[in-house]
Amino acid sequence: MKRFVRFVLILSGFAAAGALLRAEDRALTLVNVKYQGNVIWLPNPLIVKKGDHVKLTLINNVPDDPAVHGFTIPAFNVKVEIPRGEPQTVEFVASESGLFETSCHLHPAHVKGQILVLSK
């Protein structure tokens with residue numbers, strides 16, 4: 001019986017380790033805010049794991065700024081425009097590990113950020 005229990009515990013440990021390494025669905029909401037005259041997306045940086053299916057909901061709510069902001073992650077072919085008050089959703093697979101830039105493709109001088117994709 002002790003051998004069986006030990007065997008089950010070992011299998012459980014492997015299953016738990018596999019769950020930590022397995023790609024997951026990540027749903028994140030980003031909101032742009034104006035802070036000290038700069039528009040930024042929060043939270044920042046984004047952190048996901050390689051292989052994760054990432055779903056971002058982007059909310060543009062800065063009232064005294066341009067009515068539309070962009071959001072792009074060139075490394076993952078993400079490019080979307082977000083009108084004020086009209087949340088947009090974008091999905092991609094984090095297929096590469098590393099640190100990647102995000103930015104507004106409409107106003108490249110600001111609204112920059114990063115996404116960190118951890119290797120398995």
Side-chain angles (χ1 to χ4, degrees):
M1 184 64 165
K2 287 182 181 181
R3 289 180 112 181
F4 178 74
V5 170
R6 187 176 303 143
F7 178 73
V8 170
L9 289 174
I10 290 170
L11 284 180
S12 297
F14 284 128
L20 290 173
L21 298 176
R22 183 178 61 234
E24 297 181 24
D25 290 338
R26 301 278 182 201
L28 304 163
T29 299
L30 284 78
V31 179
N32 68 357
V33 298
K34 195 168 198 172
Y35 177 72
Q36 295 184 347
N38 297 311
V39 177
I40 57 175
W41 289 100
L42 293 177
N44 187 32
L46 300 173
I47 302 174
V48 299
K49 292 185 282 188
K50 182 177 178 180
D52 283 354
H53 175 260
V54 182
K55 180 179 178 181
L56 301 178
T57 300
L58 301 147
I59 301 171
N60 174 11
N61 69 351
V62 178
D64 61 344
D65 218 51
V68 178
H69 276 289
F71 183 85
T72 185
I73 310 172
F76 300 114
N77 296 315
V78 170
K79 189 174 187 179
V80 64
E81 294 180 8
I82 308 96
R84 186 181 310 120
E86 297 178 31
Q88 301 294 312
T89 301
V90 64
E91 299 182 44
F92 64 96
V93 173
S95 56
E96 299 179 49
S97 59
L99 183 63
F100 304 96
E101 297 294 319
T102 67
S103 67
C104 173
H105 58 281
L106 302 176
H107 314 106
H110 65 289
V111 198
K112 291 188 180 265
Q114 297 176 322
I115 179 168
L116 176 61
V117 181
L118 303 173
S119 59
K120 292 185 176 186

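Excluded from the calculations below are hydrogen atoms, water molecules and symmetry mates; all remaining heavy atoms, backbone and side chain alike, are included.
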Item to check | Between CG on residue L56 and OG1 on residue T102, distance to nearest 0.5 Å | outcome: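 Rounded to the nearest 0.5 Å, the CG-OG1 separation comes to 9.5 Å.
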- Reported CH2-to-CG distance for the pair W41 and N60, which is rounded to 0.5 angstrom: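 The distance works out to 5.5 Å.
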Looking only at non-hydrogen atoms, find the nearest pair between [X] and [Y] and report the distance.
| X | Y | value |
| --- | --- | --- |
| V48 | R26 | CG1-CG, 4.2 Å |
| H69 | V39 | NE2-CG1, 4.0 Å |
| G70 | C104 | N-SG, 3.1 Å |
| A94 | K49 | CB-O, 3.8 Å |

Got a list of side-chain donor-acceptor pairs under 3.5 Å for residues 81-89, not counting sequence neighbours?
from : atom 1 : to  : atom 2 : distance (Å)
R84  : NE     : V62 : O      : 2.9
R84  : NH2    : D65 : O      : 2.4
R84  : NH2    : P66 : O      : 3.3
Q88  : NE2    : E86 : O      : 3.1

Item to check | N/O donor-acceptor pair under 3.5 Å between T72 side chain and V78 backbone | outcome: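 Yes: the side chain of T72 pairs with the backbone of V78.
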Under 3.5 Å: donor-acceptor pair, side chain of D25, backbone of D52
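Side chain of D25 to backbone of D52, a donor-acceptor pair under 3.5 Å: no, none is there.
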Between L28 and V117, is there a shared hydrophobic cluster once you connect ILVMFWY residues whose side-chain heavy atoms come closer than 4.5 Å?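 Same cluster: L28 reaches V117 through Ile, Leu, Val, Met, Phe, Trp or Tyr contacts under 4.5 Å.
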Quiz prompt | Path from L58 to I40 over hydrophobic side-chain contacts below 4.5 Å | solution =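 No, separate clusters.
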In this structure, are over 12 heavy atoms from other groups packed under 6.0 Å from K79 atom NZ?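 No, the 6.0 Å shell around NZ holds no more than 12 heavy atoms from other groups.
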Item to check | Worked verdict on N61 versus N32 for side chain to side chain contact (heavy atoms under 4.5 Å, CB included) | outcome: CA-CA 6 Å; N61 69 351; N32 68 357; 3.5 Å; yes
- request: Any salt bridge (Lys or Arg N to Asp or Glu O under 4.0 Å) involving residues 93-102? Give me the pairs, sequence neighbours left out, ordered by first then second residue.
  value: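 Residue pairs with at least one partner in residues 93-102: there are none.
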Is any side-chain heavy atom of I73 closer than 4.5 Å to a side-chain heavy atom of F92?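 In contact.
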| task | Evaluate the side-chain proximity of L46 to L30: yes if any heavy-atom separation is below 4.5 Å, no if none is. | result |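 Touching, per the 4.5 Å side-chain cut-off.
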Checking P45 now: which residues fulfil side chain to side chain contact (heavy atoms under 4.5 Å, CB included) with it, not counting sequence neighbours?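 With sequence neighbours excluded, P45 shows a side chain to side chain contact (heavy atoms under 4.5 Å, CB included) to Q114, given in chain and number order.
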- prompt: How are the rings of F100 and F76 set relative to one another: parallel (under 30°), tilted (30 to 60°) or perpendicular (over 60°)?
  reply: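 Taking F76 first and then F100, their aromatic rings stand perpendicular (interplane angle over 60°).
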